[in-house]
Amino acid sequence: MVSTKKYHHVWDLTTREAKDLQANHRSLVILTPPKGPIRRIAACDVSFSRHAEDLYAGVAVFSYPDLRLLDKATAKVKITFPYVPGYLSFRETPAVLEAFKHIKIQSDCIILDGQGLAHPRFFGLACHVGLWMNCPTIGCAKSRLIGEFVDPDMTKGSSSPLKIGFRTVGAVLRTRSGVKPLFVSPGHLMDISTAKKIILSLCVKYRIPEPIRYVHDLVNAARRREES
DNA sequence: GCGACAG
DNA sequence: ATCTTGTCGC
């Protein structure tokens, strides 16, 4: 049995190292528009049970902009990092990368459930995965982690800048009229304007982009299938 | 010390 | 995120 004191010791050490990694990698993130056309888009999501020790990740690849499903995969990994605001990528990235090992086709852009640049050290989940995969990424979060903004107009397509001080790090985007906006920020090899356009174009009928909705169902189905 | 806080 | 039923509104 591990003591509470020992547990906290390990836990603190890990978050400190994680913080250093974020600070050391933020300068490697490229915030320019992706090169070449976007013809395939991958979406990722992670799921887990209340007390389980496993994390499930899913990846689904769609043609773009017609959104035909081209490939999909799920993976299960042991949880190695707790959920701590600001350190989500250390918890989810291993699972996401594992799922990507089973994906056989290349994508031009990857959508992640979480922040990209809109992060305390400008290195959210989308930046982390983007650098690792060397692929354009977009952070698409359902709620705010950091940043100031004015509520965008209630009509679909409206947006307002998400700022950390005077720096704009993303956009608060209304993907459907009259519903809560999404928090969109570039991960890697991506800019805010392109990220906004892509996310909006993926929101056909609901607040959440179709590829994210699909992979969310996919990974939950995989988890429940194994749990039962 | 208090409040905030992606999934 | 997950645990959970019904219910208010377009």
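Numbers restart at 1 for each chain; the letters A, B, ... are given by sequence-line order, proteins then strands. Given the structure is predicted, the values throughout are model-derived calculations rather than measurements.
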Throw together a table of side-chain donor-acceptor distances under 3.5 angstrom for residues 131-150 of chain A, partners on residues two or more places apart or in other chains.
unit_1, atom_1, unit_2, atom_2, d
A:Thr137, OG1, A:Ala126, O, 2.7
A:Thr137, OG1, A:His188, N, 2.9
A:Lys142, NZ, A:Asp113, OD1, 2.9
A:Arg144, NH1, A:Gly147, O, 2.7
A:Glu148, OE1, A:Gly165, N, 3.3

Kindly indicate, with the supporting measurements, whether the criterion side chain to side chain contact (heavy atoms under 4.5 Å, CB included) is fulfilled by A:Tyr64 and A:Ile198. CA-CA 10 Å; A:Tyr64 183 82; A:Ile198 291 177; 4.2 Å; yes

I'd like to know whether A:Ser159 forms a side chain to side chain contact (heavy atoms under 4.5 Å, CB included) with A:Lys196, so could you lay out the CA-CA distance, the side-chain angles of the two residues, the decisive distance to 0.1 Å, and finally the verdict. CA-CA 9 Å; A:Ser159 70; A:Lys196 273 171 58 179; 2.9 Å; yes

Please step through side chain to side chain contact (heavy atoms under 4.5 Å, CB included) for the pair A:Leu162 and A:Val184, ending with a clear verdict. CA-CA 9 Å; A:Leu162 178 62; A:Val184 179; over 6 Å; no

Stepwise side chain to side chain contact (heavy atoms under 4.5 Å, CB included) test for A:Arg174 and A:Thr155: CA-CA 7 Å; A:Arg174 193 83 66 183; A:Thr155 57; over 6 Å; no

With Watson-Crick and G-U wobble geometry limited to distances under 3.5 Å, how should the secondary structure of DNA chain B be encoded in dot-bracket form, using | for bases paired to another strand and [ ] for crossing pairs? .......

Given Watson-Crick or G-U pairs with both distances under 3.5 Å, what dot-bracket string fits DNA chain C, with | for other-strand pairs and [ ] for crossing? ..........

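With rounding to the nearest 0.5 Å, the separation of CD in A:Glu210 from NZ in A:Lys205 is 8.5 Å. Taking CG of A:Leu55 as the start and NZ of A:Lys76 as the end, the distance is 11.5 Å to the nearest 0.5 Å.
Taking hydrophobic clusters as Ile, Leu, Val, Met, Phe, Trp and Tyr residues chained together by side-chain heavy-atom distances below 4.5 Å, A:Leu189 does not share a cluster with A:Leu28. Hydrophobic clustering (ILVMFWY, side-chain heavy atoms < 4.5 Å, transitive): A:Val61 and A:Val96 are in one cluster. Tracing side-chain contacts under 4.5 Å through hydrophobic residues (I, L, V, M, F, W, Y), one never reaches A:Leu218 starting from A:Ile103; they form parts of separate clusters.
A straight line from CD1 of A:Ile146 to P of B:dC5 spans 10 Å, rounded to a whole angstrom. Rounded to an integer number of Å, the gap from A:Arg144 CZ to B:dC5 C1' is 8 Å. Between A:Arg50 atom CZ and B:dG7 atom P the separation is 17 Å, expressed in whole Å. The distance from atom NE2 of A:His128 to atom P of B:dG7 is 18 Å, rounded to the nearest whole Å. Rounded to whole angstrom, the span from the CD1 atom of A:Ile164 across to the P atom of B:dC5 amounts to 13 Å. In this structure, A:Ile111 atom CD1 and B:dA6 atom C1' are separated by 16 Å, rounded to whole Å. Note: CG (A:Asp54) to P (B:dG7) measures 22 Å, nearest angstrom. Atom NZ in A:Lys180 sits roughly 12 Å away from atom C1' in B:dA6 (whole-Å rounding).
Heavy atoms only, all atoms of each residue included: A:Ala95 and A:Ala57 are closest at O-CB, 3.2 Å. Between A:Gly116 and A:Ser185 the shortest heavy-atom distance is N-OG, 2.8 Å.
Heavy atoms of A:Tyr87 sit under 4.0 angstrom from at least one base atom. Contacts of A:Leu125 with the nucleic acid, taken as non-hydrogen atoms under 4.0 Å apart, include base atoms. Base engagement by A:Gly86 is indicated by at least one non-hydrogen atom pair under 4.0 Å involving a base atom.
Dense packing is recorded around NZ of A:Lys156, with more than 12 heavy atoms of other residues, nucleotides or ligands lying under 6.0 Å away. In this structure, A:Glu226 places its CD atom where more than 12 heavy-atom neighbours from other residues, nucleotides or ligands lie under 6.0 Å away.
Annotation: side chain of A:Ile199 is in contact with side chain of A:Ile111 (closest heavy-atom distance under 4.5 Å).
Taking every nucleotide of DNA chain C with any atom under 4.0 Å from a non-hydrogen atom of chain A, the first and last of them, 5' to 3', are C:dA1 to C:dC3.
A heavy atom closer than 4.0 Å to some atom of DNA chain C occurs in A:Ser47, A:Phe48, these being the qualifying members of residues 41-48 of chain A. For the segment residues 196-226 of chain A, the set of residues with a heavy atom within less than 4.0 Å of an atom of DNA chain C comprises A:His216, A:Asn220, A:Arg223, in numerical order.
Judged purely by atom type and a 3.5 angstrom limit, A:Gln22 uses its side chain to pair as donor or acceptor with the backbone of A:Gly86.
A close approach under 4.0 Å does occur between a side-chain nitrogen or oxygen of A:Lys142 and OP1 or OP2 of B:dG7. Of the side-chain N and O atoms in A:Arg91, none sit less than 4.0 angstrom from OP1 or OP2 of B:dG7.
The aromatic rings of A:Phe90 and A:His128 sit perpendicular to each other, their planes meeting at more than 60°, with 30° as the lower class boundary.
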